[in-house]
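The analysis underlying the following values was restricted to heavy atoms, covering all of them including side chains, and did not include hydrogens, waters or symmetry mates.
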Amino acid sequence: MGKRKDLKKKARLSIRQSYWRAVSVCFLIAMMTTTYPATTTFFGFHAVSGGILGEPSGLSDLSNSDVMMQIAGQFDSVENVLQAVPRPVIEAGGLVVDICTSASSFLFSVLRAVNAFISEEPGPAAVFLVVGVILSLLAKIFISNILKIGEHRFFMETRKYGQTQIAKIFFLYKLRCIWHPAWVMLCRSVCQTLWNLTIAGGIIKHYEYSMIPFILAENPKIGRKKAFMLSKQMMRNNKWKLFLLDLSFLGWRLVSLLTLGILDFLLVNPYMAGCKTEFYFSLRRNYVLSRCSGYEYLNDPYLEHVPSEDELLISKALYDDSQGPYTKISYFAPEQYPVFLFSVQPPARAVRDPVKAQRKYDWISYIFLFFVFSILGWILEILASLLRNGVLPEQMILSGPWLPLYGICGVILLLFIKRFSRKPVLVFALNFAIYSVASYLSSWLFEIGLGLQVRDYDNYFLNLNGRIYLGGSTALALLGCAFLYYIAPRLTDWFLKRSRGERVLTCLALTCLGIADVVFTILTKI
């Protein structure tokens, strides 16, 4: 009991000095993975049970609980049991399922595909559902699992380095070290899934494998067998302790359900992540001091020991250029981990000068970025629909592969919001407002002018007349931040390397194609 209190006290102290960064990291992880489903439910990222907000209008609108009910209905024995359960109890259970799960998870993508093959004749919809399953699997392997390791790395560093940057969650991408950690995490997921079939074994293995993401965050190059062995050895006689630590948050979880994930978003998620990080370091410290088998693979001493300025200067002087590319551009950022001393170094091509979000753009670059962001928005809407629902969007505004709304908002960001780039929270809020207003007005205009219902979010939490909802505006605001801080500057650097003639011809061709598409759409719709 006393040790749990000490862990929680240390976690509170480490989180307090970088509270908003910790909240932002957990928020980003929730948006991009399925780690914190209650948070995504609060932001309304997936439909809720049809019995609560009305009957769903199609397969793409089915909530997680609806999918489970339809599959259960295929079995007579299960259906008979469900018919005996009062309707309010089923609706309440459906709401809990929707809050505690994520619609974009691989499991529910598989269930949607199974449901389509059972209840309908195989056709194009079933094919797209299979594509959605494949995309969900790839997203889990190369995005969700990698970002989870990055989240652990952030909390591991922020204990000692109070100015750890939010971008630390992407550290494996920067290191170009993705395949090996992805393989280890995939093996962990497969083993966990197989053990889950035994129920009791699944619970035991969940805790036995729980240290693997932390170990990979410390040493991304560690072998699969060594990672599993270390986690198993570290958790020997400690599974019950971690179980009790999880159990101690049960009350917070129940209160968070009542707040639809608001408490998770603001407190519980970063607090639990901080506590589990402290738990890992307590096990790690004992394991290394005991010189147990494989302790040398826990090879990042700077997570526990913050080097002094003299140590950094000496290390810099002795730095071997052949082991990494940081010699010329590294600097001693106050209260940040010395990245040039990390055991894994990125290739030279991966180390670039910092992105300048406040850079200036000429008129040709604005035209180019307008079309780039329009095309990017179209691609993301297609992928989001396939990942979430397993179907393509019912209709697009234009025939071509672009959505001008994204391009317009992107240009607005560069023209008016760029000046606030040093205040990312304000930039996010302004992005949220711009995208919400633009999406609502565009949907309203198309409904009034052309009689087209471009978007229908009636079955989503916190929607406004079915035209926008909180989760969609949040996702677009995050996309706008990525465009302002990274995509636009990097693409412009690449674009300006072309000759002026090439740049003008590219923009002219895109403009002609865009105008032709608009004219064609107007003529066909009218």
Going through the checks in order, is the side chain to side chain contact (heavy atoms under 4.5 Å, CB included) test met by S18 and T164?
-> CA-CA 8 Å; S18 56; T164 302; over 6 Å; no

How far apart are the C-alpha atoms of V425 and W20, what are their side-chain angles, what is the distance that settles it, and do they pass the side chain to side chain contact (heavy atoms under 4.5 Å, CB included) test?
-> CA-CA 10 Å; V425 176; W20 286 111; over 6 Å; no

CA sep, side-chain torsions, deciding dist, call: R359, D493, side chain to side chain contact (heavy atoms under 4.5 Å, CB included) = CA-CA 10 Å; R359 63 166 300 158; D493 288 340; 2.3 Å; yes

L245 and L242: side chain to side chain contact (heavy atoms under 4.5 Å, CB included), yes or no, with the steps?
-> CA-CA 5 Å; L245 180 62; L242 184 55; 4.0 Å; yes

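Taking the six-membered ring for Trp and thresholds of 30 and 60 degrees, Y280 and F214 have nearly parallel ring planes, at less than 30 degrees apart. Ring geometry for Y337 against Y161 counts as perpendicular: the plane angle is over 60°, on a 0 to 90° scale with 30° as the lower cut.
R284 has its side chain out of reach of M156: every pair of non-hydrogen atoms, C-beta onward, lies at least 4.5 Å apart. Between K276 and F155 there is no side-chain heavy-atom pair separated by less than 4.5 Å. With contacts defined as side-chain heavy-atom distances shorter than 4.5 Å, the pair I204/K239 qualifies. In this structure, I215 and Y297 have side chains that are not in contact, with every pair of non-hydrogen atoms separated by 4.5 Å or more. Side-chain contact check for F228 versus C187: some heavy-atom pair is nearer than 4.5 Å. Residues L312 and L341 have side chains in contact (heavy-atom distance under 4.5 Å, counting atoms from C-beta outward). Contact check for P213 versus R188: side-chain heavy atoms found under the 4.5 Å cut-off. Put simply, the side chain of M272 reaches to within 4.5 Å of the side chain of D246, judged on heavy atoms.
In terms of heavy atoms, A488 sits closest to L414 at CB-CD2, 4.0 Å. The heavy-atom pair separating P424 from Y485 by the smallest distance is CA-OH, 3.4 Å. The minimum heavy-atom distance between I146 and I141, with the atom names listed, is CG1-O, 4.0 Å. The heavy-atom pair separating W183 from R224 by the smallest distance is NE1-CD, 3.8 Å. The heavy-atom pair separating Q358 from S421 by the smallest distance is CG-OG, 2.9 Å. Between S473 and S436, the shortest heavy-atom contact is OG-OG, 2.9 Å.
Remark: Y207 OH is packed, more than 12 non-hydrogen atoms of other residues, nucleotides or ligands lying under 6.0 Å away. No more than 12 heavy-atom neighbours from other residues, nucleotides or ligands sit within 6.0 angstrom of CD1 on I199. Heavy-atom contacts from other residues, nucleotides or ligands closer than 6.0 Å to NZ of K10 number 12 or fewer.
Not one N or O on the side chain of Q163 forms a donor-acceptor pair closer than 3.5 Å with the backbone of Q336. No donor-acceptor pair under 3.5 Å is formed between the side chain of Y271 and the backbone N or O of D264. T277 contributes a side-chain N or O that, together with a main-chain N or O of A273, makes up a donor-acceptor pair within less than 3.5 Å. Between the side chain of N219 and the backbone N or O of N299 there is no donor-acceptor pair closer than 3.5 Å. Remark: side-chain polar atoms of R153 are not paired, donor with acceptor, to backbone N or O of F171 under 3.5 angstrom. Between the side chain of S231 and the backbone N or O of E208 there is at least one donor-acceptor pair closer than 3.5 Å. Here the side chain of T198 pairs a donor or acceptor atom with the backbone of W195 at under 3.5 angstrom. Formation of a donor-acceptor pair under 3.5 Å by the Q17 side chain with backbone atoms of I15 is not found in this model. Put simply, the side chain of E218 gets close to the backbone of D300: a donor and an acceptor are under 3.5 Å apart. Checking side-chain atoms of N238 against main-chain N and O of R236 turns up a donor-acceptor pair under 3.5 Å.
Atom CG in N237 sits 11.0 Å away from atom CG in L283 (nearest 0.5 Å). Put simply, CD1 on I178 and NZ on K174 are 13.5 Å apart, with the number rounded to the nearest 0.5 Å. One finds the OG1 atom of T474 at 9.0 Å from the OH atom of Y469 (value rounded to the nearest 0.5 Å). Within the model, atoms NZ of K232 and NZ of K225 stand 13.0 Å from one another, a figure rounded to the nearest 0.5 Å. Between the CG atom in N431 and the CG atom in L484 there is a gap of 7.0 Å [rounded to 0.5 Å]. Once rounded to the nearest 0.5 Å, the distance linking NZ of K418 with CG of L413 reads 11.0 Å.
Checked for salt-bridge contact, E151 and K148 miss the test: no charged N lies under 4.0 Å from a carboxylate O.
Only one option out of I149, N145, I212 pairs with V184 in a side-chain contact (heavy atoms from CB on, under 4.5 Å); it is I212.
Cation-pi geometry between K8 and F249 is met: the NZ or CZ atom falls under 6.0 Å from the ring centre, inside 45° of the normal.
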